[in-house]
Colleague: 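Below is the structure I would like to discuss, written out as structure tokens.
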Amino acid sequence: MTQLHRVTVLAGGVGGARFTRGLLALLADAHPGADVTVVVNTGDDMWLNGLRVCPDLDTVMYTLGGGINEEQGWGRPDETRRTSAEIAAYGKGWDWFTLGDLDLATHIVRTELLRNGATLGEATEFLSGRWQPGARLLPMSDQPVETHVRLRDAADEHEAGSLIHFEEWWVRYRAGVPATEFVQVGLESASAAPGVLEAIGDADLVVIPPSNPVVSIGTILNVPGIGDAVRETSARVVGISPIIGGAAVRGMADACLTVIGVETGAAAVGLHYGARSGGGLLDGWLVAEEDADAVSQLTDAGLVARAVPLWMRDVPATAAMAEAAISLVSPPSR
Ligand code: GDP
Ligand code: CA
């Protein structure tokens with residue numbers, strides 16, 4: 001395998017973070033000195049109790065920095081929720097979304113930096129100074145681009161057809177109330193954060209990890225310039241299926257795919273991203289062993305595809321997935 005120097009990953013929260021942790025373990029062994037940039041979804045960001053909360057950036061930062069709650073996949077271990085309970089006693093905040101006391105410190109520091117004029121990228125770099133994630137973390141944009149969900153029917157205090165924040169649909173309603181579309185509020189006036197387009201254009205390899213294809217990866221790709229940068233990069237582009245055996249592995253990604261009219265299947269998601277030869281994004285698409293049937297369909301569409309184990313059980317299993325993804329799109333070394 002040719003030596004990799006610059007690898008760029010587009011990531012959501014838990015799936016993107018866990019995959020990147022395995023990728024970093026592999027690169028440390030097989031491609032020492034490779035620089036990794038992670039472009040992170042900020043569509044889930046929100047203001048809560050006066051604080052700027054960036055769920056996916058924090059999940060990636062804590063996971064790569066050794067500060068993640070492993071069972072939960074997000075937040076800090078050994079958390080308490082005393083502050084959230086006090087806020088609830090005032091009848092403020094969202095009672096279905098609590099923030100842990102340790103986690104709150106991150107939001108407080110971030111908010112202070114932003115209020116003093118830092119960009120989100122600068123604030124992220126500052127926070128990363130503590131966690132040392134072993135990769136450069138970039139928000140997809142410095143401007144707020146928050147994903148909202150249009151409700152088909154009325155729900156609690158919301159009228160039919162109204163827009164609610166993605167986190168409310170996801171956490172409060174567990175993606176269980178019908179939605180008709182996702183709207184990225186602020187998208188038209190947003191641009192890619194400094195460094196993002198360069199990281200994609202100058203990479204040897206761009207990786208689309210097993211993140212939610214709609215509200216994590218789709219959100220990033222819609223930021224003006226980012227989708228085109230992936231389509232036009234000279235890097236090889238490889239993706240890993242977040243769908244195994246027709247089901248979203250964790251979470252409710254199937255509900256998001258349904259909203260945009262894509263079947264919950266490993267082949268369907270690969271074809272949704274599309275082959276570069278047909279104007280799409282991907283050179284290669286890795287599917288799970290359970291989906292070995294999908295390989296010929298993907299190959300017919302112009303993708304290099306292979307079926308391997310895709311359960312991110314632990315770091316070694318995830319590193320093996322990263323190795324399979326890299327070799328899928330690497331010319332054989334001579
Ligand atoms: P979120 O922002 O926390 O929802 O995280 P992401 O968007 O990065 O990733 C969520 C997706 O990761 C889920 O919808 C799953 O489809 C996928 N996922 C989670 N665990 C695994 C796993 O072990 N293997 C694979 N292939 N996909 C996974
Ligand atoms: Ca997320």
Side-chain angles (χ1 to χ4, degrees), residues 9-23 38-46 53-64 68-75 97 137 139-140 145-149 165-171 174-175 182 184 207-221 238-260 262-270 272-273 285-291 294 306-322 324-325:
V9 182
L10 311 184
V14 179
R18 289 200 172 153
F19 181 81
T20 305
R21 183 166 59 180
L23 174 71
V38 190
V39 177
V40 183
N41 171 43
T42 54
D44 304 354
D45 294 9
M46 62 197 156
V53 179
C54 302
D56 288 359
L57 275 170
D58 290 345
T59 296
V60 173
M61 184 172 75
Y62 295 154
T63 300
L64 302 183
I68 196 75
N69 180 324
E70 290 290 343
E71 294 75 50
Q72 211 168 245
W74 49 272
F97 199 100
L137 308 188
M140 65 186 195
V145 181
E146 295 182 15
T147 304
H148 283 61
V149 181
H165 194 285
F166 171 73
E167 289 290 347
E168 183 168 6
W169 185 68
W170 193 250
V171 179
R174 309 289 304 158
F182 296 106
Q184 290 176 258
V207 183
I208 299 184
S211 280
N212 188 309
V214 186
V215 295
S216 292
I217 304 298
T219 307
I220 299 173
L221 292 170
V238 67
I240 297 93
S241 178
I243 304 298
I244 301 182
V249 177
R250 289 166 60 97
M252 297 81 70
D254 49 334
C256 301
L257 287 163
T258 303
V259 173
I260 66 160
V262 173
E263 181 203 331
T264 301
V269 173
H272 167 67
Y273 289 136
W285 183 238
L286 205 59
V287 301
E289 333 173 74
E290 293 88 335
D291 296 305
R306 209 182 135 202
V308 300
L310 285 192
W311 293 95
M312 297 192 282
R313 264 179 286 108
D314 50 27
V315 175
T318 311
M321 284 167 54

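Reckoned from all heavy atoms, side chains included, excluding hydrogens, waters and symmetry mates. In each ligand, atom 1 is the first atom listed, and ligand 1 is the first ligand listed.
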Colleague: For ligand 1, does Pro55 get within less than 4.0 Å through its side chain, its backbone, both, or neither, judged by non-hydrogen atoms?
Modeller: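 Pro55 to ligand 1: no contact under 4.0 Å from either part.
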
Colleague: So is Gly251 close enough to ligand 1, meaning a heavy atom under 4.0 angstrom away?
Modeller: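 Judged by the 4.0 Å heavy-atom criterion, Gly251 does not count as contacting ligand 1.
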
Colleague: Step by step, work out the side-chain contact (heavy atoms from CB on, under 4.5 Å) result for Trp170 and Asp44.
Modeller: CA-CA 10 Å; Trp170 193 250; Asp44 304 354; over 6 Å; no

Colleague: Give the atoms of ligand 1, by number and element, whose distance to some non-hydrogen atom of Gly16 is under 4.0 Å.
Modeller: 8 (O)

Colleague: Can you see which heavy atom on Pro209 is nearest to which on Val207, and at what distance?
Modeller: CD-O, 3.4 Å

Colleague: Using a strict cut-off of 4.0 Å, indicate which atoms of ligand 1 neighbour a heavy atom of Leu310.
Modeller: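 Result: 22 (C), 23 (O), 24 (N), 25 (C), 26 (N).
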
Colleague: Please report the closest heavy-atom contact between Trp74 and Ile68, naming both atoms and the distance.
Modeller: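 Looking at all heavy atoms of both residues, the closest pair is CA-CD1, 3.7 Å.
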
Colleague: Check ligand 1 against Val14 and write out every atom of the ligand that is under 4.0 Å from a heavy-atom position of the residue.
Modeller: 1 (P), 3 (O), 5 (O), 8 (O)

Colleague: Should Ile220 and Val39 count as side-chain neighbours, where that means a heavy-atom distance under 4.5 Å?
Modeller: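 Counting from C-beta outward, Ile220 and Val39 do come under 4.5 Å.
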
Colleague: From Thr147 OG1 over to His165 NE2, what is the distance, rounded to the nearest 0.5 angstrom?
Modeller: 7.0 Å

Colleague: Measure the CE-OG1 distance between Met252 and Thr264 for me, rounded to the nearest 0.5 Å.
Modeller: 13.0 Å

Colleague: Where does Ile244 meet ligand 1, judged by heavy-atom distances below 4.0 Å: at the side chain, the backbone, both, or neither?
Modeller: side chain

Colleague: Identify the closest protein heavy atom to atom 2 (O) of ligand 1: which residue and atom is it, and at what distance?
Modeller: Gly13 N, 2.9 Å

Colleague: If the cut-off is 4.0 Å to any non-hydrogen atom of Trp311, which atoms of ligand 1 fall inside it?
Modeller: 23 (O)

Colleague: Write down the atom of Leu310, the atom of Val287, and the distance for their closest heavy-atom approach.
Modeller: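 Here Leu310 and Val287 meet closest at CD1-C, 3.4 Å.
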
Colleague: Counting only nitrogen or oxygen atoms and a 3.5 angstrom limit, does Met312 reach ligand 1?
Modeller: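 Yes.
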
Colleague: For atom 26 (N) of ligand 1, what is the closest protein heavy atom, and at what distance to 0.1 Å?
Modeller: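 For this ligand atom, the closest protein heavy atom is Ser241 O, 2.9 Å.
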
Colleague: Given Arg18, Met252, Arg250, which has its nearest heavy atom closest to atom 20 (N) of ligand 1?
Modeller: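 Minimum heavy-atom distance to atom 20 (N) of ligand 1 goes to Arg250.
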
Colleague: Report, in ascending order of atom number, the atoms of ligand 1 lying under 4.0 Å from any heavy atom of Ser216.
Modeller: 2 (O), 6 (P), 7 (O)

Colleague: Below 4.0 angstrom from a heavy atom of Ser211, which ligand 1 atoms are there? Numbered from 1 as shown, please.
Modeller: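 Going through ligand 1 atom by atom, the ones under 4.0 Å from Ser211 are 6 (P), 7 (O), 8 (O), 9 (O).
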
Colleague: Check ligand 1 against Asn212 and write out every atom of the ligand that is under 4.0 Å from a heavy-atom position of the residue.
Modeller: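 Ligand 1 atoms under the 4.0 Å threshold to Asn212: 6 (P), 7 (O), 9 (O), 10 (C), 11 (C).
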
Colleague: Distance check, rounded to the nearest 0.5 Å: Ile208 atom CD1 versus Phe19 atom CZ?
Modeller: 11.5 Å

Colleague: Quick one: pull up SG in Cys54 and CG in Asn41 and give me the separation to the nearest 0.5 Å.
Modeller: 10.0 Å

Colleague: If you apply the rule side-chain contact (heavy atoms from CB on, under 4.5 Å), what do you find for Arg250 with Met312, and how did you get there?
Modeller: CA-CA 11 Å; Arg250 289 166 60 97; Met312 297 192 282; over 6 Å; no

Colleague: If every non-hydrogen atom of Ser241 is compared with every non-hydrogen atom of Pro210, which pair is closest and at what distance?
Modeller: O-CB, 3.7 Å

Colleague: For ligand 1, indicate whether the residue Ile217 contacts it via side chain, backbone, both or neither (heavy-atom separation under 4.0 Å).
Modeller: neither

Colleague: So which heavy atom in the protein is nearest atom 27 (N) of ligand 1, and how far is it from that ligand atom?
Modeller: Pro210 CB, 3.5 Å

Colleague: Measure the distance from atom 4 (O) of ligand 1 to every protein heavy atom, then report the residue, atom name and distance (to 0.1 Å) of the closest one.
Modeller: Trp170 CZ2, 4.5 Å

Colleague: What's the atom name of the N, O or S in Asp44 nearest to the Ca ion (ligand 2)?
Modeller: OD2

Colleague: Checking a contact table here: which protein heavy atom is nearest atom 28 (C) of ligand 1, and how many Å away?
Modeller: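 The protein heavy atom lying closest is Val249 CB, 3.7 Å.
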
Colleague: Looking at Asp56, which atoms of ligand 1 are within less than 4.0 Å of one of its heavy atoms?
Modeller: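 The list of qualifying atoms is 2 (O).
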
Colleague: Hey, is ligand 1 close enough to Gly15 that some N/O pair sits below 3.5 Å?
Modeller: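 Gly15 vs ligand 1: N/O contact under 3.5 Å present.
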
Colleague: So which atom in Met321 and which in Pro309 form the shortest heavy-atom distance, rounded to 0.1 Å?
Modeller: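 Answer, listing the atom of Met321 first, then Pro309: CG-O, 3.3 Å.
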
Colleague: Give yes if a backbone or side-chain nitrogen or oxygen of Pro242 is under 3.5 Å from a nitrogen or oxygen of ligand 1, and no if not.
Modeller: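 N/O-N/O distance below 3.5 Å exists for this pair.
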
Colleague: Locate the shortest heavy-atom distance separating Asp56 from Ser216; write the atom from each residue and the value.
Modeller: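 Shortest heavy-atom separation between Asp56 and Ser216 comes out as OD2-OG, 4.0 Å.
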
